[in-house]
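Please read the structure below before turning to the comments.
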Amino acid sequence: KLRQIQGTSLEGQHYLVTAGGTREYLDPVRYIGNRSSGKMGYAIAQALTEAGAKVTLISTVNLKVPVGTEVISVQSALEMQAEIDKLFPQSDGLVMAAAVADFRTAEVATQKIKKNQNQGLDLQLTQNPDLVATFGAKKQNQKVIAFAAETNDLIEHAQTKLQKKHADLLVANDVSRTDRGFGVDQNQVTILEPGQPNETLPLLSKIETARLIVQRIIKLSVGEN
Ligand code: CTP
Ligand code: CA
């Protein structure tokens, strides 16, 4: 059991990890984006690899990956969904660290949108599907790990998301503070699990945070045996 917890405990398992903020194009040159750097997703990929899992990163950014990691590049939420869809049924789990845009333009213009006199531009936005909720509802034996980015009432909002997304774990992030979370190398999170007490981790580097999240993922799989 000790060996399981330490090194090769996810040997033979295949995890999908999404990372980065999605880009929702308005036209061929412009997009709506967000502040996610993708670092947390890549740290999770690294920690899963260290635990012996095979990892496929479905990513909007281009950071250094652990040896052996397969990377699938995507831009929009719908592209990300299509790639997860292909691999999810055969996988052992999905970690949704990506910052999926909640909205996309109803239509993507095929030509660059031109300025018109001195006028502004009205964008019609439509809601993207909630990817993690969709896969959470479809899961068979896969573990589904969601994140939550909150600026206020962290635990209350995170608890609602844990249920709504049918997640096995939810990693809650306070994004109102500039010394942790978006773009920087350290993070401070609280891990929620149905029926378990919340675990608040100290302020740590993203890789240390990722390793502790992966310990919780290992516990989920070990708990079943
Ligand atoms: N997520 C997703 N698909 C979306 C939006 C979010 O899969 N269209 C996932 C994120 O990858 C993350 C989790 O849902 O794992 C929570 O994202 P968050 O933005 O905090 O929550 P939302 O449900 O989008 O709610 P809101 O932004 O309104 O707080
Ligand atoms: Ca959102």
Side-chain angles (χ1 to χ4, degrees), residues 15-25 31-45 47-48 55-61 72-88 91 93-106 125-139 142-177 180-183 187-194 198 201 206 209-210 213-214 216-217 220:
Y15 269 82
L16 312 178
V17 179
T18 64
T22 64
R23 294 178 167 190
E24 309 299 329
Y25 276 86
Y31 59 83
I32 300 175
N34 64 66
R35 291 178 55 204
S36 169
S37 64
K39 285 178 180 171
M40 197 60 222
Y42 278 67
I44 299 270
L48 284 167
V55 176
T56 301
L57 257 169
I58 301 169
S59 173
T60 64
V61 296
I72 298 172
S73 293
V74 295
Q75 300 203 73
S76 67
L78 293 180
E79 284 169 21
M80 186 172 274
Q81 183 179 40
E83 295 301 332
I84 301 168
D85 217 29
K86 290 181 207 164
L87 299 171
F88 186 74
S91 76
L94 168 67
V95 182
M96 276 303 294
V100 181
D102 293 322
F103 308 102
R104 67 175 185 276
T105 50
L125 299 181
T126 146
Q127 200 169 318
N128 271 327
D130 188 325
L131 309 195
V132 73
T134 306
F135 291 103
K138 274 199 234 181
K139 71 182 177 199
Q142 294 91 343
K143 305 295 174 221
V144 170
I145 295 88
F147 280 68
E150 308 293 348
T151 55
N152 59 287
D153 304 309
L154 179 75
I155 299 302
E156 198 182 315
H157 286 142
Q159 190 62 47
T160 307
K161 285 181 188 174
L162 177 68
Q163 285 158 12
K164 217 171 61 183
K165 294 168 191 289
H166 314 282
D168 297 289
L169 292 177
L170 184 132
V171 181
N173 257 303
D174 180 349
V175 291
S176 68
R177 302 187 48 167
R180 56 198 70 175
F182 282 136
N187 209 358
Q188 204 253 310
V189 304
T190 298
I191 305 175
L192 287 75
E193 179 181 346
N198 298 342
L201 303 183
K206 285 189 174 173
T209 302
I213 294 167
V214 168
R216 293 292 301 262
I217 296 176
L220 288 177

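Residue indices begin at 1 and follow the sequence shown. We count ligands from 1, going down the list as the structure has it; atoms in each ligand are counted the same way.
- Residue contact check: A98 has heavy atoms under 4.0 Å from atoms 10 (C), 11 (O) of ligand 1.
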- Task: Please test K164 against D130 for salt bridge (Lys or Arg N to Asp or Glu O under 4.0 Å), starting from the C-alpha separation and ending with a verdict.
- Result: CA-CA 10 Å; K164 217 171 61 183; D130 188 325; 5.5 Å; no
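- Of the protein's heavy atoms, F147 O, 3.1 Å lies nearest to atom 12 (C) of ligand 1.
- A 6.0 Å sphere centred on OH of Y25 holds more than 12 heavy atoms belonging to other residues, nucleotides or ligands.
- Under a 3.5 Å cut-off, the side chain of S176 and the backbone N or O of E150 do not form any donor-acceptor pair.
- Between the side chain of K161 and the backbone N or O of A146 there is no donor-acceptor pair closer than 3.5 Å.
- At a threshold of 4.5 Å between non-hydrogen side-chain atoms, the residues K143 and L169 do not count as touching.
- Backbone and side-chain nitrogen or oxygen atoms of K165 are examined, and one is located within less than 3.5 angstrom of a nitrogen or oxygen of ligand 1.
- Near A148, meaning under 4.0 Å from any of its heavy atoms, are these atoms of ligand 1: 20 (O).
- Using modelled atom types, one side-chain atom of N34 and one backbone atom of A99 make a donor-acceptor pair closer than 3.5 Å.
- Nearest-heavy-atom check against atom 29 (O) of ligand 1 across H157, Q81, K161 picks out K161.
- Ligand-side atoms of ligand 1 in range of A146: 15 (O), range being under 4.0 angstrom from any heavy atom.
- Between L131, I145, D102, L94, it is D102 that holds the heavy atom closest to atom 27 (O) of ligand 1.
- Residue-ligand proximity, V132 to ligand 1, at heavy-atom distances under 4.0 Å covers atoms 2 (C), 7 (O), 9 (C), 14 (O).
- Taking any N or O of M96, backbone or side chain, at least one lies under 3.5 Å from an N or O belonging to ligand 1.
- Among A97, P129, A19, S36, the residue whose heavy atom sits closest to atom 8 (N) of ligand 1 is P129.
- Judged purely by atom type and a 3.5 angstrom limit, E24 has no side-chain atom pairing as donor or acceptor with the backbone of G33.
- Remark: minimum distance from atom 6 (C) of ligand 1 to any protein heavy atom is reached at V100 CB, 4.0 Å.
- Ligand 1 has no nitrogen or oxygen under 3.5 angstrom from a nitrogen or oxygen of A99.
- Side-chain contact, S59 with Y42: a donor N or O sits under 3.5 Å from an acceptor N or O.
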